[in-house]
Protein chains: 2
Amino acid sequence: MNDMTFHAETRAPIPQSTAVICSRCVARNACLPSGIGTLDILRLDKLVGYRRRLARDEVLFRKDQPFAMIYAVRFGHLKSSRPDHRGHPHVTGFYMAGELLGLDAIYAGRHACTTVALEDSEVCEIPYSRFQESMHESLPLMQRFHAALSHEIVREQNALLHADMSGAERLATLLLDLSARYAERGYSGRRFRLRMSRADMGNYLGLTIESISRLLGRFRDEHWIALDKREIELLDPGRLEALLSAAPGEPGVSHEEE
Amino acid sequence: MNDMTFHAETRAPIPQSTAVICSRCVARNACLPSGIGTLDILRLDKLVGYRRRLARDEVLFRKDQPFAMIYAVRFGHLKSSRPDHRGHPHVTGFYMAGELLGLDAIYAGRHACTTVALEDSEVCEIPYSRFQESMHESLPLMQRFHAALSHEIVREQNALLHADMSGAERLATLLLDLSARYAERGYSGRRFRLRMSRADMGNYLGLTIESISRLLGRFRDEHWIALDKREIELLDPGRLEALLSAAPGEPGVSHEEE
DNA sequence: CGCTTACTTGAGAGACTTCAAGAGTTGTGG
DNA sequence: CCACAACTCTTGAAGTCTCTCAAGTAAGCG
């Protein structure tokens with residue numbers, strides 16, 4: 001449960017940059033090094049010379065800032081948000097070890113969202129222009145990056161499916177998504193800590209904080225989850241999945257087509 | 001109004017493949033050739049040797065099909081959809097001239113959505129492996145492609161902001177988005193034809209067909225739009241934008257931050 | 001230990017959905 | 001070329017879900 005926790009005695013002045021080696025990174029299997037050869041990992045090592053520590057609530061980059069770096073999460077958790085049409089911030093995603101940040105900035109040359117640390121975290125800085133040169137030299141590296149970009153598109157599409165889901169379904173989706181991502185990283189997908197506030201969850205899912213609270217309470221009462229503050233245990237993941245697959249009166253058959 | 005209309009006498013047997021020249025394509029400014037040099041456009045020409053015609057309702061590719069090509073829309077309109085957690089298809093986007101299709105397939109090597117033509121349309125086929133080789137040779141081409149991928153991420157994020165919007169706001173967003181994309185392409189952003197059914201609009205926005213119908217009716221009654229079947233004219237785009245920027249009792253100031 | 005922040009819980013209001021029916025379009029075959 | 005069938009869209013009424021408003025409790029931080 002206390003897996004990915006990072007204890008910082010100080011919160012303000014934190015060492016800024018230290019050398020890093022991808023091939024030994026705990027996040028390597030979820031990150032750019034995944035699936036590429038030793039030679040290309042060495043290339044990454046030279047590229048990713050520095051990492052950056054962030055205290056909780058510290059901003060990694062702000063919307064509209066000029067784009068220069070992409071970032072890979074080493075440990076900790078971050079959230080991205082961008083103003084909606086009303087100017088209110090809307091959470092667009094949560095990020096954990098191995099995931100890439102800043103990809104949405106390539107298009108316009110400026111960051112499309114603001115990203116802050118949900119807890120003390122560390123990210124690798126990858127200068128984008130040098131990264132481009134490396135990709136130009138290494139086809140596998142380029143392919144790996146394209147896959148990462150494509151993956152991000154698919155993830156956004158998944159989030160898009162929330163549109164006509166009920167509150168319970170949306171919350172179940174988030175819990176199962178987090179669970180799967182922890183499991184992918186070798187952590188428990190059954191017990192984990194919700195790094196974000198109820199407000200962030202609600203904002204991300206398009207629900208109010210009160211609805212989140214009530215839904216979590218309902219899930220707890222149904223014994224689908226156990227809950228203690230932000231510690232959560234999925235007692236019956238199957239029921240959560242069932243929430244999604246079967247609608248009232250509908251079989252869970254996957255018939256697509258328009 | 002009849003701008004992008006394509007008349008096909010026959011609907012079943014359609015010529016499948018013809019040579020194409022990017023530098024003369026009407027969609028070039030919205031497509032891959034945009035912003036790259038003449039030399040690289042020639043490179044694209046050699047790459048994009050063939051195009052494919054689609055009759056209305058014809059499937060371009062299906063979810064889970066092996067990924068081999070990306071596609072660029074020459075003319076016409078298409079929609080992508082993927083099954084939601086209930087197995088019902090959910091529209092993930094509408095595509096028009098110059099836009100790229102199939103980007104979400106790079107990650108898994110299989111298409112993540114099913115894409116069909118909303119009307120008679122034509123797309124360019126770009127063999128992905130050969131495209132990769134070209135990008136490996138040409139840095140500008142690679143950069144252009146990264147921008148396209150990043151753009152797609154931003155677009156998905158925009159759609160994601162729908163989460164806590166009212167039905168009226170969602171519909172206004174779609175109408176203004178379509179309007180802007182037509183304007184970008186040199187067509188009227190004020191009068192255009194809705195290529196998709198009310199059902200598709202509702203599905204995309206997470207609303208029922210009845211809600212779409214009622215909302216369009218309300219917009220018409222308020223004289224914000226004129227409507228005749230699927231022909232629409234934005235009589236007062238400012239009011240539609242106002243719907244989005246100012247919430248009941250809220251100034252439209254853009255204060256971000258968590 | 002007191003204040004701020006995070007979360008929980010309750011009651012009423014509003015928005016969208018669901019169910020149901022009807023009108024308008026489009027396409028096809030006689 | 002018209003008539004019927006299928007499909008798309010519109011409109012109405014009741015129901016449900018989530019939001020809004022309002023306290024109140026618990027936890028974290030100085």
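Throughout, protein chains are lettered first and strands after them, A, B, ... in sequence-line order, and every chain is numbered starting at 1.
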Take atom [atom1] of [X] and atom [atom2] of [N], then tell me their distance rounded to the nearest Å.
X: A:D228; N: D:dA27; atom1: CG; atom2: P; answer: 9 Å
X: A:D57; N: D:dC29; atom1: CG; atom2: P; answer: 11 Å
X: B:E231; N: C:dT25; atom1: CD; atom2: C1'; answer: 14 Å
X: B:R193; N: C:dT25; atom1: CZ; atom2: C1'; answer: 12 Å
X: A:I232; N: C:dC7; atom1: CD1; atom2: C1'; answer: 15 Å

SB check B:D120 B:R53 (cutoff 4.0 Å)
no
Could A:E122 and A:R51 be called an ion pair, given the rule that one side-chain N must be under 4.0 Å from one carboxylate O?
yes
Do other residues, nucleotides or ligands put more than 12 heavy atoms under 6.0 Å from A:R230 CZ?
yes
Single hit among B:Y95, B:F94, B:Y182 for ring-ring contact (aromatic ring centres under 6.0 Å, His included) with B:H77
B:Y182
Distance check, rounded to the nearest 0.5 Å: B:R170 atom CZ versus B:L215 atom CG?
10.5 Å
Given protein heavy atoms under 4.0 Å, the one-letter contact record of nucleotides 8-20 of chain D, with B base, S sugar-phosphate only and - none, is simply SSBBBB----SSB
Salt bridge (Lys or Arg N to Asp or Glu O under 4.0 Å) pairs touching residues 155-164 of chain B, sequence neighbours excluded, are B:E99-B:R155, B:E152-B:R155
